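Model, not experiment: these values are computed from the prediction. Below, read A as the first sequence line, B as the second, and so on, with proteins coming before strands; counting in each chain starts at 1.
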2 protein chains.
Amino acid sequence: MATIYEVSEAAGVSLATVSRVMNGNTKVSDRTRKKVETAMAELGYQPNAIAQSLASNRTNSVGLLVSELHGSYFGDLMSTVEQALKLYGKHVIITAGHVDEKREHDAIEFLKSRRCDALILHAEAVSDEYLTTLCKSDLPVVVINRKVDGLDDHCFVVDNEKGGYLAAQAAIQQGHKEIGYISGPKFKKDASDRLAGHKRALTEAGIEAKDDHIFEGDFHESSGQEGMHYLKQHFPDITALICANDEMASGAMTAAREAGLEIPQHLSIVGFDNVLFSRYLYPKLTTINNPIQSLGEMAARWVLKNVYDTKINHAIEHLFVPEVVERHSLSKR
Amino acid sequence: MATIYEVSEAAGVSLATVSRVMNGNTKVSDRTRKKVETAMAELGYQPNAIAQSLASNRTNSVGLLVSELHGSYFGDLMSTVEQALKLYGKHVIITAGHVDEKREHDAIEFLKSRRCDALILHAEAVSDEYLTTLCKSDLPVVVINRKVDGLDDHCFVVDNEKGGYLAAQAAIQQGHKEIGYISGPKFKKDASDRLAGHKRALTEAGIEAKDDHIFEGDFHESSGQEGMHYLKQHFPDITALICANDEMASGAMTAAREAGLEIPQHLSIVGFDNVLFSRYLYPKLTTINNPIQSLGEMAARWVLKNVYDTKINHAIEHLFVPEVVERHSLSKR
DNA sequence: GCACTCTTTGTAAGCGCTTACATTTCAGTG
DNA sequence: CACTGAAATGTAAGCGCTTACAAAGAGTGC
């Protein structure tokens, strides 16, 4: 693999000149530029990004921490972030934290050791203190889908409470009064926020928010099935079921159908997230759009603007409001 | 950020010694090791991976090229590869090629410029010649889901022809004789292989493989809908529909239902890939399992074994055979 | 106490670039 | 034609590590 030295030799110029034509920030005469470019082409020269990074203290790469590499939610997030950064020649280095404190921590350390120019974190397990310390360091950090007190400028979040509220409101507006809820793990902020919004909507509508109408799931399909079984058995008069994400809604739909309930005639179901497959379900799932792509794009823009001094016109927003996506799984009571 | 130099100073030893305790391959006395470790801890020292890579010519990272960062198929692939490599302390650098020759090429060049120790490529658009040249270079390369002549040892593939055959056979065994097919873009090798298998099964069963029963889609949901419309309109006597992937099967299901056809009573549908959501569909989709995870794991193992000299017991296999996943969308005619 | 070997530690030369600073070139001036 | 000063190019010192080689210690046996 040819080095810059061989190129300089072939072109009959110094190292520095070759470096200059590569980076294009200093003036180089057209004649020498030509010579260098020819030499590069002939040698099939390809700059060593590692060496460049070491010397310039700039890696042109942004670290992205997600919880999982699979699943629509993270797929959309990774995809948007990557596209936004690639437009400006920046690259993402993706790592997975698996919602485990140690693994998230290790993943972040890894990104730091790779000397990323900035970090975009979808960190769920690591502590607020850790994130705060991180943000205070000179490494630019952005947090996605999590609000940490005192770090507002670094956080990009969805108003989950509002989302939970909207889902319940949608059901109430259709005349439902007996409403079941399958929640995510309550220790997760987004899950508890959604639930809080749900309760607020019920209360405002003068419906008692009964705790035993709430089943705590784990955001996975199977717990949607379990939740459905539990609710059907104990509260057969429930007419609407709201799930804290689309996976669980899907599980609930399957379980409901197996129990002979037709959707939405016998039971209305509302999901949350609006992941890709929610539209493939039958009936198509009425759900709450979780603008994860907007979050990703905004985070990427923040980095471009604050780290790479890119001229970007769009304003940076930090709070995103979800909205109802009306499809066919919710109907009049 | 502390450097190795500061650590050596604090510990009262030389640079080399610090480097030695970090890498642990040379003998260092317990006493000095302790001193160094203490110094590291006190300074919060974190090795600079970039500098390590430059000096050692080893990045401990493997480049992974996928077509998209979203979607179950690639999600599963990325996830498996990452997990397998992480076990041995290796990391993946993921890039997306978007099934575009230039972008795939650029992505590969990027991975090369990052000096990945090896490349795992799910390359669809780049030419066979390019891949061949790449494999001949000293950079270890593995190709996933594509067979390139002369590169057998580097390729990990699914027997798509067999998969297509199995899908058709499954329908035939249920007594279907009028069978529609929604294919992927025929220029794609996997799409044409699946179709070839389909035709072989029909022929072997003494059923004429009619070209107009085949609709060429693009692997996306919407083309499944289009295909369904086309077939229903022109060949209303079709009793079974086989789709070259699950997305299109899902689209076809939607369109069929909208046309008043019940599945599988009026029309049986078989998919291909067995992506996560195929199980969420209603009725649960009968499909062909595409062992993409096995491919990914095997590719990762190949790298571990051949590049990092890891002791791995499992044999390396190159051809994976798909199988039928029986669910509820296919029934007797 | 000495020559010898085997460990442990130190020295210093890179790895392939960037960039501050020094030097050269050269068009434009009086 | 010598003299400027801006523009173009070169020189060399790092960036933070690894590692071959050299040097120094620590055991041995006599």
Hey, does the side chain of Tyr5(A) come within less than 4.0 Å of dT18(C)'s phosphate (OP1/OP2), counting only N and O? no
Which word best sums up how the rings of His318(A) and Phe156(A) line up, parallel for under 30°, tilted for 30 to 60°, or perpendicular for over 60°? parallel
Euclidean distance, atom CG of residue Asn23(A) to atom P of dT18(C) [Å, nearest integer]: 5 Å
Hey, which of Asp190(A), Asp76(A), Asn145(A), Asp273(A) is the one that makes side chain to side chain donor-acceptor pair (under 3.5 Å) with Asn290(A)? Asp273(A)
How long is the span from the CG atom in Leu304(A) to the NE2 atom in His314(A), to the nearest 0.5 Å? 11.0 Å
Assign Ser56(B) to base, sugar-phosphate, or nothing according to its heavy-atom contacts below 4.0 angstrom with the strands shown. sugar-phosphate
Protein heavy-atom contacts under 4.0 Å, written 5' to 3' over nucleotides 8-13 of chain C as B (base), S (sugar-phosphate only) or - (none), form the string SBBB--
Does dT18(C) have OP1 or OP2 under 4.0 Å away from a side-chain N or O of Asn57(A)? no
Yes or no on salt bridge (Lys or Arg N to Asp or Glu O under 4.0 Å) for Glu37(A) and Lys34(A), after CA distance, side-chain angles and deciding distance? CA-CA 5 Å; Glu37(A) 280 168 352; Lys34(A) 274 274 151 30; 5.3 Å; no
Measuring from atom OG of Ser67(A) to atom CG of Asp100(A), what distance do you get when rounded to the nearest 0.5 angstrom? 10.5 Å
Does the pair Asp106(B)/Lys102(B) count as a salt bridge with the N-to-O cut at 4.0 Å? yes
Can you tell me the distance, in whole Å, between the CD atom of Gln52(A) and the P atom of dC15(C)? 17 Å
Could you give the distance from CE (Met78(B)) to CD1 (Ile292(B)), rounded to the nearest 0.5 Å? 11.0 Å
With heavy atoms under 4.0 Å as the rule, sort Asn48(B) into base, sugar-phosphate or nothing. sugar-phosphate
Lys34(A) NZ to dA8(D) C1': how many Å, rounded? 17 Å
Inter-axis angle, terminal five-pair segments of the helix from dG1(C)-dC30(D) to dG30(C)-dC1(D) [nearest 10°]: 50°
Which word best sums up how the rings of His91(A) and Phe110(B) line up, parallel for under 30°, tilted for 30 to 60°, or perpendicular for over 60°? parallel
